[in-house]
Amino acid sequence: MKSFILVIALFTMFVLTASPVSAVIHNVPDDFDTIQDGLNIAANGDTVLVQPGTYVENIAWPLTNGIKLMAAGDASDTFIDGNQAGRVI
């Protein structure tokens, strides 16, 4: 019984002290040239932060869940221009 309590105590201590995986912010165009490149590398919980400007690209949303695509600053200064080649996203 003492060994069972010890195992439970150690498990609880491990769970409470284990640091969660941190989300990463991928900056476009500082870290990546395109929004698509930022999205392709992003993992669950990550943010792709797009600086103001116009980005001419058509984005294929990755299968990874939980990615946030956000404009830095005022969103009205950030544009995705699909160049009339289908959907933007």
Side-chain angles (χ1 to χ4, degrees):
M1 183 67 172
K2 288 182 181 180
S3 62
F4 177 73
I5 293 173
L6 178 62
V7 168
I8 295 297
L10 289 173
F11 178 76
T12 304
M13 186 173 67
F14 172 76
V15 170
L16 293 177
T17 60
S19 61
V21 175
S22 298
V24 175
I25 297 176
H26 304 284
N27 289 290
V28 176
D30 296 337
D31 300 331
F32 298 95
D33 292 331
T34 66
I35 297 169
Q36 187 68 63
D37 289 343
L39 289 170
N40 289 346
I41 199 72
N44 188 354
D46 288 358
T47 299
V48 177
L49 187 63
V50 182
Q51 298 301 316
T54 300
Y55 299 85
V56 180
E57 56 184 300
N58 296 83
I59 296 170
W61 196 265
L63 297 177
T64 305
N65 291 324
I67 299 172
K68 298 177 199 124
L69 177 60
M70 299 179 69
D74 188 352
S76 66
D77 295 331
T78 305
F79 304 93
I80 302 172
D81 179 352
N83 203 27
Q84 298 181 349
R87 294 182 180 183
V88 174
I89 297 179

*Among the clusters formed by ILVMFWY side chains lying less than 4.5 Å apart, do Phe32 and Trp61 turn up in the same one?*
yes
_Quick check on the hydrophobic clustering: are Ile41 and Val28 connected, directly or via other members, by side-chain heavy-atom contacts under 4.5 Å?_
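Shared cluster, yes.
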*Rounded to the nearest 0.5 Å, what separation is found between the CG atom of Asn40 and the OG1 atom of Thr34?*
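Going from the CG atom of Asn40 to the OG1 atom of Thr34 covers 7.5 Å.
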*asked:* What's the separation between atom CG in Leu39 and atom CG in Asp46, rounded to the nearest 0.5 Å?
replied: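 One finds 10.5 Å between CG of Leu39 and CG of Asp46.
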_Side-chain (Glu57) to main-chain (Gln36) donor-acceptor, under 3.5 angstrom_ = yes
What pairs of donor and acceptor atoms, side-chain ones from residues 76-89 against any protein atom, are under 3.5 angstrom apart with sequence neighbours left out?
unit_1: Ser76; atom_1: OG; unit_2: Asp74; atom_2: OD1; d: 2.9
unit_1: Ser76; atom_1: OG; unit_2: Asp74; atom_2: OD2; d: 3.0
unit_1: Asp81; atom_1: OD1; unit_2: Asn83; atom_2: N; d: 2.8

Please tabulate, for side-chain N and O atoms in residues 64-73, each donor-acceptor pair with protein atoms closer than 3.5 Å (sequence neighbours left out).
none

